[in-house]
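A short write-up of the structure that comes next.
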Amino acid sequence: MKEKKKIKMPSSFAIIIGIIILVAILSWILPGGAYDYVDPTASKLQPIAGTFHITQSNPQGLGAIILAPVNGFMDSVDIILYTLVIGGFLAVVMKTGAIDAGIGHTIRKLKGREKLLIPILMCIFSFAGAAFGIEEETLPFFPVLIPVLLAAGYDTLVGLSVIKMGAALGVMGSIANPFAVAIASRFAGISIGDGILVRIVLLAIYIPAGIIFTMNYAEKVRKDPTKSLVYNQAEENKKFFFKGCRL
């Protein structure tokens with residue numbers, strides 16, 4: 001029998017090129033549109049809300065398709081370079097295992113006092129989320145931290161909350177997140193520092209609230225495991241995570 005060909009996900013470059021070609025084709029089909037601007041002669045145009053109107057279309061040809069990546073890079077070179085630098089820094093830190101080593105050291109120091117892991121680790125992940133936008137990158141920490149918290153008498157939701165909620169709280173009040181704040185600021189035509197005091201205040205509210213919520217739930221589960229929201233899966237979860245424990 002012939003083996004069925006597996007459908008492979010196209011690369012990021014192929015997806016981007018496909019989108020560029022699709023937009024170029026649509027430029028021949030859809031009408032154009034534009035906004036009125038506060039100052040049409042300004043270097044950074046500021047549109048006036050509610051002034052969008054239909055204009056004559058501007059069909060794009062092969063030359064525009066070829067130059068689109070170059071023009072796009074030049075228009076946003078500051079954000080692209082900033083993202084590359086931060087992304088490269090994060091990749092190096094993750095590759096060298098610096099974060100793993102730091103968390104491992106913290107776990108060893110707090111052996112027997114695992115309750116303190118919850119606020120300390122949530123603060124670490126929150127800082128990483130606020131500064132670097134780390135969130136999806138937290139997945140490798142699941143098999144490291146969840147077994148420790150399970151052994152301390154907690155459940156998998158506590159581990160999930162410490163890692164994922166901790167990072168998400170930081171991302172929600174991002175200070176220098178290149179994947180959200182920097183890009184949004186660029187398109188809004190403002191500095192990345194605009195509104196930073198508001199974001200710091202939000203972090204000062206989000207992080208303690210998340211820690212208190214997680215610690216209250218964790219303590220409730222430690223005292224009475226039947227109060228766990230995943231109590232029916234407790235044994236299955238322990239077998240899975242203790243088998244894959246990397247500590």
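On a predicted model such as this, the values are computed, not experimentally measured, just so you know.
Annotation for Phe13: hydrophobic cluster partners, listed by chain and number, are none (ILVMFWY side-chain heavy atoms under 4.5 Å, direct or chained). Here Trp28 sits alone; no ILVMFWY side chain lies under 4.5 Å from its own, so it joins no hydrophobic cluster.
No side-chain donor-acceptor contact under 3.5 Å links His53 to the backbone of Gly33. Asn237 contributes no side-chain N or O that, together with a main-chain N or O of Phe240, makes up a donor-acceptor pair within less than 3.5 Å. The backbone N or O of Val158 lies less than 3.5 Å from no partner atom in the side chain of Ser161, so there is not a single donor-acceptor pair. At least one donor-acceptor pair under 3.5 Å links the side chain of Arg199 to the backbone N or O of Ser174.
One distance of note links CG of Leu121 with CG of Leu149; it measures 7.5 Å at 0.5 Å rounding. Interatomic distance, Leu157 CG to Gln233 CD, rounded to the nearest 0.5 Å: 8.5 Å. Rounded to the nearest 0.5 angstrom, Asn71 CG and Ile66 CD1 are separated by 11.5 Å. In this structure, CG in Leu67 is found 9.5 Å from CG in Leu62, a value given to the nearest 0.5 Å. Ile21 contributes atom CD1, which lies 5.5 Å from atom CD1 of Ile65 (distance to the nearest 0.5 angstrom). Interatomic distance, CD1 of Ile118 versus CD of Glu219, reported as 8.5 Å (0.5 Å rounding).
With contacts defined as side-chain heavy-atom distances shorter than 4.5 Å, the pair Tyr217/Ser228 qualifies. Between Ile19 and Ile15 there is a side-chain heavy-atom pair separated by less than 4.5 Å. Side chains of Ile211 and Cys123 form a contact here, defined as non-hydrogen atoms less than 4.5 Å apart. Side-chain contact between Ser126 and Leu203: absent, with no pair of heavy atoms (C-beta onward) separated by less than 4.5 Å. Side-chain atoms of Ile196 and Ile175, non-hydrogen and from C-beta on, do get closer than 4.5 Å to each other. You'll find the side chain of Ile146 stays beyond 4.5 Å of the side chain of Phe141, heavy atoms only. The shortest side-chain heavy-atom distance between Leu117 and Val162 does not fall under the 4.5 Å cut-off.
The cluster map of Ile, Leu, Val, Met, Phe, Trp and Tyr, joined by side-chain heavy atoms under 4.5 Å apart, puts Met215 and Leu116 in the same cluster. No single ILVMFWY cluster, assembled from side-chain heavy atoms under 4.5 Å apart, contains both Ile205 and Met122. Both Met165 and Val230 belong to a common hydrophobic cluster when Ile, Leu, Val, Met, Phe, Trp and Tyr are linked at side-chain heavy-atom distances under 4.5 angstrom. Hydrophobic clustering, with ILVMFWY side chains joined whenever heavy atoms are under 4.5 angstrom apart, keeps Val23 apart from Leu30. With hydrophobic clusters built from ILVMFWY side chains whose heavy atoms lie under 4.5 angstrom apart, Ile212 does not share a cluster with Val221.
Other residues, nucleotides and ligands contribute at most 12 non-hydrogen atoms within 6.0 Å of the CZ atom of Phe127. Other residues, nucleotides and ligands contribute at most 12 non-hydrogen atoms within 6.0 Å of the OH atom of Tyr231.
When all heavy atoms are compared, the tightest approach of Ser27 to Ser57 is O-CB, 4.0 Å.
Partners of Tyr206 according to the side-chain hydrogen bond (donor to acceptor under 3.5 Å, both in side chains) rule, which considers only residues two or more places apart in sequence or in another chain, do not exist here.
Salt-bridge annotation for Lys239 and Glu236: absent, with no side-chain N of the basic residue lying under 4.0 Å from a carboxylate O of the acidic one.
Evaluated for a side-chain contact (heavy atoms from CB on, under 4.5 Å) with Phe125, the options Thr138, Leu169, Ile207 yield exactly one hit, Thr138.
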Review point. Given Val201 and Leu197, is the side chain to side chain contact (heavy atoms under 4.5 Å, CB included) satisfied, shown in steps?
Key: CA-CA 6 Å; Val201 170; Leu197 291 178; 5.6 Å; no

